[in-house]
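Written out below as structure tokens is the structure these notes cover.
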Amino acid sequence: MLTFQDLLLVISGALGTLLLRTGAKITVKVHADTRPLAEYHCSDENARPGPGRLSQGCGMKVSDRKASNGYAWAHGSNQVGSSPREHTIYGPYTNDFGKPGYYKVTFRVRCCEDLPISNEPIVVLDVVRAPFSDEVGMALMGQRVIRARELTKVYKRFNVYCHYTGGGIYEYRCSVIATDHFKTTNTVLFDTIKIYRHFPLWDVF
């Protein structure tokens, strides 16, 4: 027959094992959150859409001391190339995910001017599965709307979370929404797009 002391030992042992497992999972999560699987600089110019590099639909490359490599891509009304594009940044038509699971795509964005503190949507970020081989149509995997109150002169990281089931090629897209308050002087700057493994909280416990 188990004594009260024996019962306490069993419970404390079980709790210790659970805490060790949880601690190990948290360590893996923190490590995954700090090491990107892939990284793209939005200022890297690519004249034609193609695998492996981002492309730009409008705007221009600008010098920016706050950007990670000294340059950023500034949204503008001018079109890049001969074919009009809906998105300021798009591509790279690759598969950076590797294996099925949850992922986080992080966009680093700032604005050159102060915007009104409002919920007005300014930028839309999304991750889509692009048509590949004989596939037709795109599949939206995740989306994030950046509102005026969230954009500052300091770069901020905005995350799009998605679940990858395998296969295909993918696009990371940035588009700027024209509004009454958003003038040409309110330039949005895009620095980097990074892809990380993501471990949801429910997978830790």
Could you tell me which non-hydrogen atom of [X] sits nearest to which non-hydrogen atom of [Y], and how far apart they are?
X: S68; Y: H41; result: OG-CE1, 3.4 Å
X: L151; Y: V188; result: CD1-CG2, 4.3 Å
X: A148; Y: P116; result: CB-O, 3.3 Å
X: S43; Y: K61; result: O-CD, 3.5 Å
X: F158; Y: E150; result: CZ-O, 3.8 Å
X: L54; Y: C42; result: CD1-CA, 4.0 Å

From CA spacing to verdict: salt bridge (charged side-chain N to carboxylate O under 4.0 Å, His left out), R53, D44: CA-CA 8 Å; R53 294 183 64 183; D44 288 348; 5.2 Å; no
P121 vs I177 side-chain heavy atoms within contact, under 4.5 Å: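 Yes; the side chains approach each other to less than 4.5 Å.
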Cation-aromatic face contact R144/F107, 6.0 Å, 45 degrees: no
Test: K66 cationic atom under 6.0 Å from Y155 six-membered ring centre, within 45° of axis: no
For [X] and [Y], indicate whether the former's side chain and the latter's backbone hold a donor-acceptor pair under 3.5 Å.
X: N159; Y: K104; result: no
X: T94; Y: D96; result: no
X: N78; Y: G59; result: yes
X: D64; Y: A72; result: no

[X] and [Y]: same hydrophobic cluster, using ILVMFWY side-chain contacts below 4.5 Å?
X: Y40; Y: I89; result: yes
X: L37; Y: L125; result: yes
X: Y71; Y: V109; result: no

Those residues that, when tested against R157, pass side chain to side chain contact (heavy atoms under 4.5 Å, CB included) (two or more places apart):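 By the side chain to side chain contact (heavy atoms under 4.5 Å, CB included) rule, R157 matches T106, R108.
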N119: side chain to side chain contact (heavy atoms under 4.5 Å, CB included) partners, not counting sequence neighbours: R147, R149
Drop me the distance from [X]'s [atom1] to [Y]'s [atom2], to the nearest 0.5 angstrom.
X: C111; Y: H75; atom1: SG; atom2: NE2; answer: 10.5 Å
X: E39; Y: T192; atom1: CD; atom2: OG1; answer: 5.5 Å
X: D191; Y: N69; atom1: CG; atom2: CG; answer: 6.5 Å
X: W73; Y: M60; atom1: CH2; atom2: CE; answer: 9.0 Å
X: E171; Y: R129; atom1: CD; atom2: CZ; answer: 13.0 Å
X: K156; Y: R110; atom1: NZ; atom2: CZ; answer: 13.5 Å

Any residue meeting ring-ring contact (aromatic ring centres under 6.0 Å, His included) with Y164, in chain and number order, not counting sequence neighbours: F97, Y170
Candidate pair H198 and Y103, rule ring pair (Phe, Tyr, Trp, His ring centres under 6.0 Å), full reasoning: CA-CA 5 Å; H198 175 63; Y103 290 84; 9.3 Å; no
Pair H87-S175, side-chain donor/acceptor within less than 3.5 Å: no
Any donor-acceptor N or O pair under 3.5 Å, side chains D126, Y90: no
From V123, V176, I122, V124, residue fulfilling side-chain contact (heavy atoms from CB on, under 4.5 Å) relative to I146: V123
Criterion side chain to side chain contact (heavy atoms under 4.5 Å, CB included) on R173 and V128, from CA distance to verdict: CA-CA 8 Å; R173 307 189 304 189; V128 298; 3.5 Å; yes
